[in-house]
There are 2 protein chains.
Amino acid sequence: MATTETRRRADAERNIAAILDAALVLFTEEPQSSMVAIARAAGVGRVTLYAHFPSREVLLEAVLDRTIAEAGEVIRKAAPEEGSATEAFGRLLRTSWHVLNQHRKLFELAQRELGPVRLRQRHREVVDHVEGLLARGRLEGVIRSDLPMTWLVTTVYSLLHAAAEDVNTGQLKADDAADVLEATLLPALKS
Amino acid sequence: MATTETRRRADAERNIAAILDAALVLFTEEPQSSMVAIARAAGVGRVTLYAHFPSREVLLEAVLDRTIAEAGEVIRKAAPEEGSATEAFGRLLRTSWHVLNQHRKLFELAQRELGPVRLRQRHREVVDHVEGLLARGRLEGVIRSDLPMTWLVTTVYSLLHAAAEDVNTGQLKADDAADVLEATLLPALKS
DNA sequence: GTTAACTCGAACATACGTGTTCGGGTTAAG
DNA sequence: CTTAACCCGAACACGTATGTTCGAGTTAAC
């Protein structure tokens, strides 16, 4: 870890942050966004963008890394191993369902543009949190064991994504999302 | 309906079918596929493609129309109003889950490239079948009424999509998909 | 205030996708 | 067998995205 690289000037660091912010938004809501669009959204010249991120690919990877790190942080804070698995699951949904969703949309893009291989390990890092929670639920006897674990995880992520889309299109109110998700997922997952 | 247009030669008709077949596959599994790729996959020259479908947009619309017609046919045959809603639902999943999924992936693309407006009505045409089935289930008291109907429909389509993806990546066996879907959806939807 | 880091517009090279035209070669249909 | 429909490669015009280079202007840092 540590402060690798040469020390950057303050405005450079600010721009890099702005670029990553803008890129995250654009990539998730319009995956084919051009570098020009990202630069504009970040309030930065195109050349500056390329100065920090030599290629679209590098930029995507950077955004991915940053988002995964953040998501890991949020999940770790919101859903430790306290309480029953059911409680912890509800807490997870309530505090971080939109983070998990961003995460998911970004992965669809990364899978297409970076290939599945360079994704697996990083993906693991976050999925494991959900998978671990479900595994604990199985031990406690509240989560079903008649379906493969991978499918249960898929179910969670899939409905998370669906809820976010319904919120986007106005079919579902954002405030209701977590409740609706919990009401749908618990019966689907419980043993 | 009738045989509109001038009568086409047999080989032309064959090519058109091949193009629509190839386009359906490519559009659903790689939405940004180029016209060149589609022509190659159809075993047809690029010029021939443009001769039949003057633009990418027209081609997409044609594929959409054809798929919706097929899907409507399949669903109508497989899931009439016979038996209980639960039974009919199982039958629907077992006979047409992959059709419904193609349908869904194609719509994601069409929504992006054709805009949401030109889609609604055609979308309705197919979604109504699922929605109607769920509505009947509510009357029979087997489908929950505590969540919005739109969300229930979303849930069905979303998991359909997820199952197809898991089959693609090898995490789920194609033969198990319908069973797994039913085992997940019924508890999630039942009252 | 000097310097080195940084920004940014303009312009260029390159690649790829779309859609069109031309002309000769095939092939189905009568 | 004759003809009209059809196929298809080559080439062109056009647009747009990616990266790169140049040079001049700003600005943070010491």
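Note that these values count all heavy atoms, side chains included, but never hydrogens, waters or copies made by symmetry. Numbers restart at 1 for each chain; the letters A, B, ... are given by sequence-line order, proteins then strands.
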Novice: Going by side chain to side chain donor-acceptor pair (under 3.5 Å), A:D166 matches just one of B:T155, B:T150, B:T154. Which one?
Specialist: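 Option passing the side chain to side chain donor-acceptor pair (under 3.5 Å) with A:D166: B:T154.
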Novice: What's the closest nucleotide to the B:H52 side chain, out of C:dC6, D:dC7, C:dT18?
Specialist: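 For B:H52, the side-chain atoms sit closest to D:dC7.
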Novice: Between C:dT7 and A:N15, is there an OP1 or OP2 to side-chain N/O distance shorter than 4.0 Å?
Specialist: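 True: A:N15 side-chain N/O within range (under 4.0 Å) of C:dT7 OP1/OP2.
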Novice: Within this structure, what is the CD1-to-C1' distance between B:I38 and C:dG17, rounded to whole angstrom?
Specialist: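 Atom CD1 in B:I38 sits about 12 Å away from atom C1' in C:dG17.
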Novice: If you compare all heavy atoms of A:L93 against all heavy atoms of A:A178, which two are closest, and at what distance to 0.1 Å?
Specialist: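 Looking at all heavy atoms of both residues, the closest pair is O-CB, 4.3 Å.
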Novice: Would you kindly give the CD-to-C1' distance between B:E57 and C:dG19, to the nearest whole Å?
Specialist: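 In whole Å, C:dG19 C1' and B:E57 CD are 13 Å from each other.
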Novice: When the distance from CG of A:L49 to P of D:dT18 is rounded to whole Å, what number comes out?
Specialist: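 Taking atom P of D:dT18 as the reference, CG of A:L49 is at 10 Å.
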Novice: The test is ring pair (Phe, Tyr, Trp, His ring centres under 6.0 Å); show your working for A:F107 and A:H103 and say whether it passes.
Specialist: CA-CA 6 Å; A:F107 274 9; A:H103 188 248; 4.2 Å; yes
Novice: Mind listing the closest non-hydrogen atom pair of B:A88 and B:L133 along with its distance?
Specialist: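 Looks like CB-CD1, 3.8 Å.
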Novice: Can A:K105 and A:E108 be counted as an ion pair, charged N to O under 4.0 angstrom?
Specialist: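 No.
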Novice: Would you mind reading off the distance between B:L60 atom CG and C:dT18 atom P, rounded to a whole angstrom?
Specialist: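 Interatomic distance, CG of B:L60 to P of C:dT18: 12 Å.
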Novice: Give a yes or no on whether a salt bridge exists between B:D175 and B:K173, defined as a side-chain N under 4.0 angstrom from a carboxylate O.
Specialist: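 Answer for the salt bridge query: no.
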Novice: Once each nucleotide of nucleotides 20-30 of chain D is scored for protein heavy atoms under 4.0 Å, what B/S/- sequence comes out, 5' to 3'?
Specialist: BB-----BSSS
Novice: Roughly how many Å is it from CD in B:E13 to P in D:dC6, rounded to a whole number?
Specialist: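 Answer to the nearest Å: 10 Å.
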Novice: Rounding to a whole Å, what distance do you find between A:Q32:CD and D:dT18:C1'?
Specialist: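 Atom-to-atom, A:Q32 to D:dT18, this comes out as 16 Å.
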Novice: Return the value, rounded to whole Å, for the distance between atom CD1 of B:I19 and atom C1' of D:dC8.
Specialist: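 Rounded to whole Å, this separation is 12 Å.
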